[in-house]
Protein chains: 2
Amino acid sequence: MDVRTICLGILTRGDATGYEIKNLFQDDGYQYFVEASFGSIYPALNRLTEEGLVSVRAEAQEKRPDRKVYSITPSGRSAFIASLLKPLPEDRHRSPFVFAMLFSDLLPENHARALLDTYAAQTEIKLAQLSESNTKPKTPGEEFANGFGRAIYQAMLEYLRAYRPRLETEPPAAVAAAE
Amino acid sequence: MDVRTICLGILTRGDATGYEIKNLFQDDGYQYFVEASFGSIYPALNRLTEEGLVSVRAEAQEKRPDRKVYSITPSGRSAFIASLLKPLPEDRHRSPFVFAMLFSDLLPENHARALLDTYAAQTEIKLAQLSESNTKPKTPGEEFANGFGRAIYQAMLEYLRAYRPRLETEPPAAVAAAE
DNA sequence: CCGATCTATATCGATCCAATATAGATACGG
DNA sequence: CCGTATCTATATTGGATCGATATAGATCGG
């Protein structure tokens, strides 16, 4: 999903500045399934403006540069809906963690365990964030996305925990002897 | 995980041409968690060669351009391991499907259902492929990655199936009246 | 009151992707 | 036996995108 389409989608929910669009990815329901950087959002908004799919109004501010607030136009709304009706690009999951685990045999003793523990902890945090944000009221789509995310992170966590004992090291000799 | 590191990783498992490296993503255990295109693999291999992290030997062929077979060098192996020991980049999951579902309220009647059904079918296929490729012998890392992938796709499928009735349409009036 | 963080816009270089070009090999149906 | 499609293999190009950085006033906590 290209950045232009993502911007249009967010603007269907209300006007926003480039900065606000970027931040919606961090803390809203969009989290974990879409992302874009400033370096792509600002050029995308400029092009969308040229093409008449969004409009800008500059809100003057004292002692600051203008706030550029973007709104979607009727033709922008049509273009957005049309792009959702076309066949969608495939999902892409890139995991440096899984990649590293593929080569755990080349790494120092116990490093795989450390990687897994770190990753499990991060997953727990994301799961907690998703559960927390689920208390707020949502559109049906946001509810679906939230539940989908929770289902995935929950499954990941369960798998990691089930796998964990396979990476267990022998207890140190002194402790083993004491038992 | 940048393409250079990915190439180095694959070369730790044996020599390969750029073409073979690309294809390993399609049908091996790496599937679904790492990817790279020709447009990034060939330049990456050239740079790695310049830096002495891989070496090339040109195998002559009749009536064809040479096969360029790449091998990882000792310093390449060190560099690869070092990059796995550094903090890893975060996972990135991009899902045009979930993005579209976020805006299902803007789409024609039943389109969300069509999206979900298509996506569920694709997920089933990927799950079957992963289960199938699990019968082949694997390194411990590959086994972990395969199980991890299956756990995720299984959970996705279960969620989609559980959610499906919520998108059920009213049966056509004629059918409803006949009951 | 000072440093840190936040709001906000913007650009640059590096990376990466998708499409395309080339070209012989192989395979398969008509 | 011929045409067409697919495969192996390398490579480039244009465009999209990312990550880092620059700027600068506001605000807030210690």
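Each chain gets a letter, A, B and so on, in the order its sequence line appears, and its residues count up from 1.
Between A/Tyr19 and C/dT9 there is no side-chain polar atom (N or O) within less than 4.0 angstrom of OP1 or OP2. Dashed line: the shortest gap from a side-chain N or O of B/Thr17 to OP1 or OP2 of D/dT8 is not under 4.0 Å.
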Check residues 123-132 of chain A and write down every donor-acceptor pair under 3.5 Å in which the side-chain atom is one partner and the other belongs to a residue at least two apart or another chain.
| unit_1 | atom_1 | unit_2 | atom_2 | d |
| --- | --- | --- | --- | --- |
| A/Thr123 | OG1 | A/Tyr119 | O | 2.8 |
| A/Gln129 | OE1 | A/Tyr32 | OH | 2.6 |
| A/Ser131 | OG | A/Leu127 | O | 2.9 |

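For B/Arg67 and D/dA11, the CZ to C1' distance is 16 Å, given to the nearest whole Å. Atom pair B/Lys22:NZ and D/dC7:P shows a separation of 14 Å (rounding to whole Å applied). Look at CE on B/Met1: it is 13 Å from P on C/dC17, rounded to the nearest Å. For A/Arg4 and D/dG15, the CZ to P distance is 14 Å, given to the nearest whole Å. When rounded to the nearest whole Å, the span between CG of B/Asn23 and P of D/dT8 equals 7 Å. Remark: C1' of D/dA16 and CD1 of A/Ile6 are 12 Å apart, rounded to the nearest angstrom.
With contacts defined as side-chain heavy-atom distances shorter than 4.5 Å, the pair A/Asp91/B/His93 does not qualify. Considering only heavy atoms from C-beta on, A/Asp15 comes within 4.5 Å of A/Arg57 through its side chain. The closest side-chain heavy-atom distance from A/Phe33 to B/Arg94 is not below 4.5 Å.
Using a 4.0 Å cut-off between charged side-chain N and carboxylate O, A/Arg4 and A/Glu51 make a salt bridge.
Within residues 88-96 of chain A, the residues approached by DNA chain C to less than 4.0 Å at the level of any non-hydrogen atom are A/Arg92, A/Arg94, in residue-number order. Listed in residue order, the members of residues 36-57 of chain B having a heavy atom less than 4.0 Å from DNA chain D are B/Phe38, B/Gly39, B/Tyr42.
Across C/dC16, D/dT10, C/dA8, the shortest atom-to-atom separation from the side chain of B/Lys68 is found for D/dT10.
Proximity of the aromatic rings of A/Phe144 and B/Tyr163 is defined here by a centroid distance below 6.0 angstrom, and this criterion is met.
Contact record, B/Leu106 with A/Phe80: CD1-CE2, 4.0 Å, taken as the closest heavy-atom pair. Here the shortest heavy-atom pairing between A/Val98 and B/Ala145 reads CG1-CB, 3.6 Å. Closest non-hydrogen pair, B/Leu116 versus B/Met101, comes out as CD1-CE, 4.2 Å.
By the side chain to side chain contact (heavy atoms under 4.5 Å, CB included) test, B/Tyr19 is found to be paired with B/Thr17, B/Asn23, B/Phe38, B/Tyr42, residues two or more places apart in sequence or in another chain being considered. With sequence neighbours excluded, the residues satisfying side chain to side chain donor-acceptor pair (under 3.5 Å) with B/Ser75 are B/Thr73.
End-to-end axis angle of the helix from C/dC1-D/dG30 to C/dG30-D/dC1, from C1' rotation axes over five pairs per end: 40° (rounded to 10 degrees).
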